[in-house]
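Working notes, beginning with the structure itself.
All residue numbers refer to positions in the sequence shown, counting from 1.
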Amino acid sequence: MTRRRAGTMAAVALLALMPGCAAPSGELKGSESALAESYSSLEELSEHASLIVQGVAADSERVTVEGAGFVIAEVEVSRVLKGSAQDVVHVRQTGDGYFEDTYPVAPALTQGTDYVLYLKPFEVVPGNATDEFVVLGVGAFEVEGRVVILPDQASWYEGFPDRTGLDEVEELAQRSG
């Protein structure tokens with residue numbers, strides 16, 4: 001593979017991780033991107049996710065592809081709220097909660113933490129899914145008992161509460177599925 005082609009593939013892979021990175025009303029903070037999508041509420045996030053699971057983050061590894069850093073986390077699935085999944089899903093993330101300090105994305109998953117995750121298959125090339133998933137927008141929410149806590153990045157969007165009940169998340173997932 002030529003160096004140029006490898007660099008192009010790395011750029012495509014990085015862009016594939018950017019769904020749901022827009023600010024409220026579809027306006028982007030920082031540079032604009034035609035590939036970014038905006039999710040302004042839990043309802044909208046539920047509708048666009050192909051897989052919604054509850055699970056605990058287990059092992060993770062950092063990988064670099066042509067200079068672009070990623071974290072791939074194993075999540076032990078305790079419940080599937082929408083779609084179908086194995087007992088473990090692999091989630092690819094950019095890792096720090098922001099893409100180039102401009103777009104809010106879900107923060108890296110913390111080992112041992114229980115989450116509700118809004119996911120879609122990771123595709124290096126559109127139409128060629130891998131065995132990994134990516135988090136839609138800010139769709140990695142910590143779970144404490146029956147309460148779902150949204151990350152700080154969700155504050156960019158008026159339609160996201162700071163906290164919500166797991167019952168509401170389950171109901172939205174079922175309605176969208």
Next item on the list: Indicate yes or no: at least one non-hydrogen side-chain atom of Gln86 is less than 4.5 angstrom from one of Asp131.
Entry: no

Next item on the list: Determine whether Gln174 and Lys82 make a side-chain contact, defined as any pair of heavy atoms from C-beta on separated by less than 4.5 Å.
Entry: no

Note to self: Determine whether a donor-acceptor pair (N or O, by modelled atom type, separation under 3.5 Å) exists between the side chain of Thr130 and the backbone of Phe122.
What the structure shows: yes

Notebook entry, point to check: Does any non-hydrogen side-chain atom of Thr113 lie less than 4.5 Å from one of Val56?
Noted result: no

Item checked: Intermediate values then yes/no, side chain to side chain contact (heavy atoms under 4.5 Å, CB included), Arg92 and Ile72 -> CA-CA 4 Å; Arg92 180 179 286 248; Ile72 301 174; 3.6 Å; yes

Margin query: If we check side-chain contact (heavy atoms from CB on, under 4.5 Å) with Phe141, which of these qualifies: Val169, Ile149, Leu42, Leu117?
Written below: Leu42

Next item on the list: First locate atom CD of Glu132, then atom CD of Glu74, and finally report the distance between them rounded to the nearest 0.5 Å.
Entry: 11.0 Å

Notebook entry, point to check: Can you name the closest pair of heavy atoms from Ser60 and Val71 and give their distance?
Noted result: CB-CG1, 4.0 Å

Margin query: I'd like to know whether Val134 forms a side chain to side chain contact (heavy atoms under 4.5 Å, CB included) with Lys120, so could you lay out the CA-CA distance, the side-chain angles of the two residues, the decisive distance to 0.1 Å, and finally the verdict.
Written below: CA-CA 6 Å; Val134 292; Lys120 77 172 204 173; 3.7 Å; yes

Check: Is a side-chain N or O of Ser46 found less than 3.5 angstrom from the main chain of Ser176, in a donor-acceptor match?
Finding: no

Check: Does the side chain to side chain contact (heavy atoms under 4.5 Å, CB included) test come out yes or no for Leu51 and Val80, once each step is laid out?
Finding: CA-CA 8 Å; Leu51 178 63; Val80 176; 4.1 Å; yes

Margin query: Measuring from atom CG of Asp167 to atom CD of Glu170, what distance do you get when rounded to the nearest 0.5 angstrom?
Written below: 5.5 Å

Notebook entry, point to check: Is Asp87 close to Glu76 at the side-chain level, that is, under 4.5 Å between some pair of heavy atoms?
Noted result: no

Check: Can you tell me if Thr164 uses its side chain to pair, donor with acceptor, with the backbone of Val148 under 3.5 Å?
Finding: no

Check: Does Gln93 reach the main-chain N or O of Leu109 with its side chain, forming a donor-acceptor pair under 3.5 Å?
Finding: yes

Next item on the list: Can you measure from CD (Glu43) to CD (Glu171) and round to the nearest 0.5 angstrom?
Entry: 9.5 Å

Check: What closest approach, in Å, do Leu172 and Arg175 show between heavy atoms, and which atom pair accounts for it?
Finding: CD2-NH2, 2.7 Å

Checklist line | Taking every non-hydrogen atom, the tightest pair across Tyr115 and Ala108 | finding: OH-O, 4.2 Å

Notebook entry, point to check: Within a radius of less than 6.0 Å around CZ of Arg79, do more than 12 heavy atoms belonging to other residues, nucleotides or ligands occur?
Noted result: yes

Check: So, for Ala85 and Val53, which heavy atoms are closest and what is the spacing to 0.1 Å?
Finding: CB-CG1, 4.3 Å

Item checked: Heavy-atom pair with the smallest gap, counting every atom of Ile52 and Ala173 -> CD1-CB, 3.8 Å

Check: Taking atom CZ of Phe70 and atom CZ of Arg62, what is their separation to the nearest 0.5 Å?
Finding: 12.5 Å

